[in-house]
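Data first, discussion second: the structure below is written as structure tokens.
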Amino acid sequence: MPNVVLIAGPVVDLASAAWALADAIGLQVVSAGNVFRGHVQQQTSLGKEASRYMQAGRLVPDELIVKAIADALTNADGGWVLYNFPRNIRQAELQTQSGHVPDTVIEVVLTEDQLRLAAQRRVERQIGLDSQQAERRQELLVMYSHSQETYREQVEPLRAYYRAHGLWQTVSGFGDFEDVAARLIPIASASKRHS
């Protein structure tokens, strides 16, 4: 079974696509956010250490985050789908050092028009169609625009890193999550397992 990393910008429903991909080819889904939140909520030793950083208003070190993810990947039976992680080259390097090298890294991308439409749809779901919410609607659209710009800045070094290792691929994120999963399945299925 392959090990797959999925990466996408802020308006792509990557979780649903990851679960659909995992169900289709028998992989275990690992959500970096859920793994990390689980450690914090359960107050594991790792979670307590992370809480100290967060309570002090500091970023949790990449080493600690990668340790939590590596533990989850170690416990995954067969192959795995890890989504929205790593987020920077340091995390990618640490993940590789931990022995959890993906067989493929797939970025789910949207065109500029598709991004605008996806952001508008997400905002409409968040606040409904209340005409009194026009100002809030605009604030959310601006927030998603800034999030997308931040994502572009963060993802470019990761693209270069994984391209250099021959692992980076892209698919269109247009359509619903089943459409996206249908594009992911052949790429993930064809990737070779690292020894």
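Nothing here was measured: the structure is a model prediction, and the numbers come from that model.
Considering CZ of F36 and CG of L64, their distance stands at 5.5 Å, rounded to 0.5 Å. Between the CZ atom of R183 and the CD atom of E178 there is a distance of 11.5 Å, given to the nearest 0.5 Å. Atoms CG and CG, from N88 and L94 in turn, are 8.5 Å apart once rounded to the nearest 0.5 Å. Annotation: the span from K48 atom NZ to T44 atom OG1 amounts to 8.5 Å, rounded to 0.5 Å. L46 contributes atom CG, which lies 5.0 Å from atom NE2 of H39 (distance to the nearest 0.5 angstrom).
Counting only heavy atoms from C-beta outward, the side chains of L27 and P2 approach each other to under 4.5 Å. Looking at Q43 and S51, their side chains come closer than 4.5 Å, going by heavy atoms from C-beta outward. Proximity of V101 to N3: side-chain heavy atoms (C-beta onward) are nowhere separated by under 4.5 Å. With a 4.5 Å cut-off on side-chain heavy atoms, F85 and V35 do not count as touching.
Cluster membership for V109 and I185, using ILVMFWY side-chain heavy atoms within less than 4.5 angstrom, is not shared. Put simply, F177 and L21 are part of two different groups of oily side chains (I, L, V, M, F, W, Y) that touch within less than 4.5 Å, one to the next.
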Working for side-chain contact (heavy atoms from CB on, under 4.5 Å), residues R87 and D62
CA-CA 10 Å; R87 293 182 180 269; D62 288 335; over 6 Å; no

Hey, mind stepping through Y53 and L59 against side-chain contact (heavy atoms from CB on, under 4.5 Å) and telling me if it holds?
CA-CA 6 Å; Y53 283 97; L59 291 175; over 6 Å; no

side-chain contact (heavy atoms from CB on, under 4.5 Å) between F174 and V180, intermediate numbers included:
CA-CA 7 Å; F174 186 69; V180 177; over 6 Å; no

Determine, stepwise, if the pair T104 / V5 fulfils side-chain contact (heavy atoms from CB on, under 4.5 Å).
CA-CA 6 Å; T104 190; V5 165; over 6 Å; no

For residues 158-170, please give each side-chain donor-acceptor pair under 3.5 Å, one per line with the distance, not counting sequence neighbours.
residue	atom	partner	partner atom	Å
R159	NE	E107	OE1	2.9
R159	NH1	E156	OE1	2.7
R159	NH2	E107	OE1	3.1
R159	NH2	E107	OE2	2.8
H165	ND1	Y161	O	2.7

Using residues 7-18 as the side-chain source, report each donor-acceptor pair under 3.5 Å to any protein atom, sequence neighbours left out, with the distance given to one decimal.
residue	atom	partner	partner atom	Å
D13	OD1	S16	N	3.2
D13	OD1	S16	OG	3.1
D13	OD2	S16	OG	2.7

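No donor-acceptor distance shorter than 3.5 angstrom exists from the side chain of Q28 to the backbone of W80, with no hydrogens or angles considered. With S189 contributing its side chain and P186 its backbone, the two residues share no donor-acceptor pair below 3.5 Å. Side chain of D23 to backbone of A20: no donor-acceptor contact under 3.5 angstrom is found.
Between D71 and K67 there is a salt bridge, since a side-chain N of the basic residue sits under 4.0 Å from a carboxylate O of the acidic one.
Applying the side-chain hydrogen bond (donor to acceptor under 3.5 Å, both in side chains) test between E63 and each of Q91, R90, Q97 identifies R90 as the sole match. A side-chain contact (heavy atoms from CB on, under 4.5 Å) with L184 is found for exactly one of L6, D179, V81, V4, namely L6.
Nearest heavy atoms, A188 versus I25: CB-CD1, 3.8 Å. Minimum heavy-atom separation, A50 to V40: CB-CG2, 4.3 Å. Minimum interatomic distance between A32 and L82 (heavy atoms only, all atoms of both residues): N-CD1, 4.2 Å. Closest approach of V30 to A72, counting heavy atoms only: CG1-CB, 4.0 Å. Of all heavy-atom pairs spanning D103 and M1, the tightest one is OD2-O, 4.4 Å.
Around the CZ atom of R58, the shell of radius 6.0 Å holds no more than 12 heavy atoms that belong to other residues, nucleotides or ligands.
Side-chain contact, T74 with H100: a donor N or O sits under 3.5 Å from an acceptor N or O.
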